[in-house]
J.: 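Would you mind keeping the following structure in view while I ask a few things?
Start at 1 and go down the list; that is how both ligands and their atoms are numbered.
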Amino acid sequence: MVPSVYELQSADLALLLAGEPRYRVEQVWHGLWSEGRDVGDITTVPKALRQRLAAEFPPALEVVNDVSSDLGATRKWVFRLHDGATIETVLMGYADRVTVCISSQAGCAMGCTFCATGQAGFSRQLSIGEVIEQVMFAARAAAPRRLSNVVFMGMGEPLANYPVTVGVVKRLHEYRGMSARHLTVSTVGVAPAIERLGAEGLPLTLAVSLHAANNETRNELVPLNRRYPLERLYEACEKWLATTSRRLSFEWALIDGVNDTDQAMHELANYAGDLRAHVNLIPLNPTPGYLVMGTRSERVHEFRNGLEELGINVTVRNTRGRSIDAACGQLASVTNGHKSNVALRSR
Ligand code: SAH
Ligand code: SF4
């Protein structure tokens, strides 16, 4: 595989730049991490060196599609990697923050029935460099605003690519200076990996994609629940809280008639309440392989109010980028070669 320049630690860079004045390492490092520049664009170093580095480390990501919606506030890129695999990255601008939603794998092997990425299947793991380059690409596109948040909610299951996820979080924290509150890893619930992650002492926020709080329904929506049922997941969440003292979030994609009933609300309130978790409600985004509707907006609000009355901290997340298949769960339309819900407009 062609290495990404973001695979390098500063000692690797020092070796690579042996023979150059010492301060060059610092200049290149600063250009890459603080300024988020393409290596060929670090103008503080001489042109010949820049060109040498750019030839040795071509960008990992080639843009094959670039679409925007929400009056330009949401932007999605489809990137082709060196071996032809494709991934998607979404940039979302809000009044108070700029968030990038990154992919941790090309595809996903977890097979959640309602998720377009799950329907498309797994291609391969991403490398640390391929993940970091998504962040840096988005940071450049966000300028002059500063990219403030990174969420691992694009394609793939970050805890099924554990070393890369941990490596990316560490580097974004240490080298880019991003704070724990601004880095969110979302997982479908790989219980042992949640425990292992908790023990790393990493600066991050954990979101668990729950979607159902009884095993029968969760087995249908999230096949991994057969391996790590709700009781096992609960144990992992308790350990996470005990080791990190950091709040947990639960993601809940509201699906009409499936997990938006009063019974589902009470099950969720019991499960989340005992863990003092925050609940994020996301109306389901329609995907070609799952012919069930998202919950109507009146019911979404009833469901939210009901949870609040049961003492749960709850937010309704709006679905950015739905019209360009950029919302949660829709990231697969190009990768699997299926027709997307909408025609992708090139910019
Ligand atoms: N694999 C990880 C992270 C990527 S999925 C996980 O499952 O958590 C990011 C989020 O999108 C998850 O909460 C997932 O459940 C949600 N999602 C997937 N398909 C969706 C859909 N069709 N509508 C709404 N949310 C969806
Ligand atoms: Fe994978 Fe997450 Fe989609 Fe499930 S919801 S298939 S874990 S990306």
J.: Give a yes-or-no answer on whether the side chains of Glu157 and Ser104 include a donor-acceptor pair shorter than 3.5 Å.
T.: no
J.: Taking 4.0 Å as the limit for heavy-atom contacts, which would you say applies to Glu251 with ligand 1: side chain only, backbone only, both, or neither?
T.: side chain
J.: Check each atom of ligand 1 against the heavy atoms of Thr187 and keep those under 4.0 Å away; list them by number with element.
T.: 6 (C), 8 (O)
J.: Just jot down the ligand 1 atoms closer than 4.0 angstrom to any heavy atom of Cys115, in number order.
T.: 18 (C), 19 (N)
J.: Under a 4.0 angstrom heavy-atom cut-off, which atoms of ligand 1 come close to Thr287?
T.: 22 (N)
J.: Report the part of Thr117 (side chain from C-beta onward, or backbone N, CA, C, O) that has a heavy atom under 4.0 Å from ligand 1; answer both or neither where that applies.
T.: neither
J.: Mind listing the closest non-hydrogen atom pair of Leu8 and Trp29 along with its distance?
T.: O-CZ3, 3.6 Å
J.: Has Arg171 got its NZ or CZ under 6.0 Å from the middle of the six-membered ring of Tyr6, at an angle within 45 degrees of the ring axis?
T.: no
J.: Give the single entry among Ser186, Ser249, Cys108, Gly189 that approaches atom 2 (C) of ligand 1 most closely by any heavy atom.
T.: Ser186
J.: What is the closest protein heavy atom to atom 4 (C) of ligand 1, and at what distance does it sit?
T.: Gly154 O, 3.2 Å
J.: Counting from 1, what ligand 2 atoms have a heavy atom of Met110 closer than 4.0 Å?
T.: 1 (Fe), 7 (S)
J.: Which residue holds the protein heavy atom closest to atom 19 (N) of ligand 1, what is that atom called, and what is the gap in Å?
T.: Gly329 CA, 3.0 Å
J.: Give me the residue, atom name and distance of the protein heavy atom closest to atom 3 (Fe) of ligand 2.
T.: Cys115 SG, 2.4 Å
J.: Which atoms of ligand 1 have any heavy atom of Met153 under 4.0 Å away?
T.: 4 (C), 9 (C)
J.: Quick one: do Met110 and Ile282 end up in the same hydrophobic cluster if we chain Ile, Leu, Val, Met, Phe, Trp and Tyr together by side-chain heavy atoms under 4.5 Å apart?
T.: no
J.: Below the 3.5 angstrom mark, is there an N/O of Asn285, backbone or side chain, next to an N/O of ligand 1?
T.: yes
J.: Crowded around Arg276 CZ? As in, over 12 foreign heavy atoms under 6.0 Å?
T.: no
J.: Hey, which atoms in ligand 1 end up nearer than 4.0 Å to a heavy atom of Phe152?
T.: 3 (C)
J.: Show the atoms of ligand 2 that are less than 4.0 angstrom away from any heavy atom in Gly118.
T.: 6 (S)
J.: Would you say Arg181's side chain and Thr205's backbone share a donor-acceptor pair under 3.5 angstrom?
T.: no
J.: Considering only heavy atoms from C-beta outward, does the side chain of Leu147 approach that of Leu91 to under 4.5 Å?
T.: yes
J.: More than 12 heavy atoms of other residues, nucleotides or ligands under 6.0 Å from CD of Gln263: yes or no?
T.: no
J.: Can we say Lys76 and Asp66 salt-bridge, meaning some charged N sits less than 4.0 Å from an Asp/Glu carboxylate O?
T.: no
J.: Do the charged groups of Arg299 and Asp262 touch, with an N to O distance under 4.0 Å?
T.: yes
J.: Among all the protein's non-hydrogen atoms, which is closest to atom 2 (Fe) of ligand 2, and how far away is it?
T.: Gly156 O, 4.5 Å
J.: Got the closest protein heavy atom to atom 13 (O) of ligand 1, with its distance?
T.: Ser209 OG, 2.7 Å
J.: Applying a 4.0 Å heavy-atom criterion (strictly less than), which segment of His211 is in contact with ligand 1: side chain, backbone, both, or neither?
T.: side chain
J.: Ignoring hydrogens, what is the shortest heavy-atom contact between Thr165 and Phe152? Give both atom names and the distance.
T.: CG2-CE2, 4.0 Å
J.: Which protein heavy atom lies closest to atom 26 (C) of ligand 1, and at what distance to 0.1 Å?
T.: Cys328 O, 3.7 Å
J.: Within a distance under 4.0 Å of any heavy atom of Gly156, pick out the atoms of ligand 1 and give their elements.
T.: 1 (N), 2 (C), 3 (C), 4 (C)
J.: With a 3.5 Å distance limit and no angle check, can you tell me whether Arg218 reaches the backbone of Asn225 through a side-chain donor-acceptor pair?
T.: no
J.: Side chains of Glu133 and Ser4: do they bring a donor and an acceptor to under 3.5 Å?
T.: yes
J.: In terms of atom number and element, which parts of ligand 2 are under 4.0 angstrom from non-hydrogen atoms of Val188?
T.: 7 (S)
J.: Counting non-hydrogen protein atoms only, what is the nearest one to atom 4 (Fe) of ligand 2? Give residue, atom name and distance.
T.: Cys112 SG, 2.3 Å
J.: Hey, is there an N, O or S on Cys108 sitting under 2.8 Å from atom 1 (Fe) of ligand 2?
T.: yes
